[in-house]
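What follows is a short report on a single structure.
When a ligand or atom number is given, it counts from 1 through the structure's own listing order.
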Amino acid sequence: MILIDGKLLASEIKEKLKVEVSELKQKNIHPKLAVILVGDDFASKKYVNNKKIACEYVGIEQELIELGSDIIEEELIKVIEKLNNDESVHGILVQLPLPKHIDSYKIISIINPNKDVDGFHPENVGKLSIGCEGLISCTPNGIMRLLEKYNIDVWGKNCVVIGKSNIVGKPITMLLLKENATVTVCHIETRDISSITRQADVIIVAAGKLGLITSDMIKPGVVIIDVGINRNEDNEICGDVDFDGCKNKASYLTPVPGGVGPMTIAMLMENCVKVAKNISLYHE
Ligand code: GUN
């Protein structure tokens, strides 16, 4: 089995971006990402901090806007509108999940789609689904880059996606279809998942369920991309795949941590630089 090293590819990408950012700065363009964090969810704070570290490394300026969990929707909308109109801000990211009283769809729809570095705005989601250029959500984009790096061709292959979230399951399905894969999407209501996963050449699992994929569910030589982030009984971070059980049967496998996670952040950095570069073209 070949271990897919997301940490390594992510650092290669960040290294390249670092050079591009310094070139942009010479043209007096200073890429800037605004991050909005509502409330004090522990995991969200950690994710936001990881994004901050990556920004510092690449040279992207970061503005963190922390808002109380009791903020009303209108106030949050005003904050986003201000960032939409701020020419010094290239990327806007609203960390999810938002408190229950706020309509996430409405909030994401307010973000200027050209600054939507998460690729969650309906315009960008729509562009992705018809194969048009737009900002692509970071985790699925990172998965495609990993497959490309390891020369894993999905053309005509049986790809099984587990999970139908807007953040991973649906967009990765669109990207795989764009590459002419045959895609089956399984989810919580799917009956007899094993009968489907056993046919898979590639499995992308984003279910958030510890140990969901076991060795009896896969065929020899399968490629497995594990998007899950869970904690086991020893409080260690683990994916959705029974790693030890599957490692001798799969041909390629992503570790958790060190697989998809670092790629998500690298793709976010890439999207920020892409927006800043587009602005630089506009000024030329
Ligand atoms: N919450 C979990 N994943 C993500 C992500 O990729 N972007 C944002 N904004 N929030 C998240």
Given K274, K127, K178, the one that forms salt bridge (charged side-chain N to carboxylate O under 4.0 Å, His left out) with E133 = K274
Indicate yes or no: at least one non-hydrogen side-chain atom of I172 is less than 4.5 angstrom from one of I225.
-> no
All side-chain hydrogen bond (donor to acceptor under 3.5 Å, both in side chains) counterparts of D201, not counting sequence neighbours | K219
Who pairs with R191 by side chain to side chain contact (heavy atoms under 4.5 Å, CB included), at least two apart in sequence or on another chain?
-> none
Would you check ligand 1 and list the protein residues that come within less than 4.0 Å of it by any heavy atom, ordered by chain and number?
-> K51, L93, V94, Q95, L96, D118, F120
Atom NZ of K249: over 12 foreign heavy atoms under 6.0 Å = yes
Who are the side-chain hydrogen bond (donor to acceptor under 3.5 Å, both in side chains) partners of S194, not counting sequence neighbours?
-> none
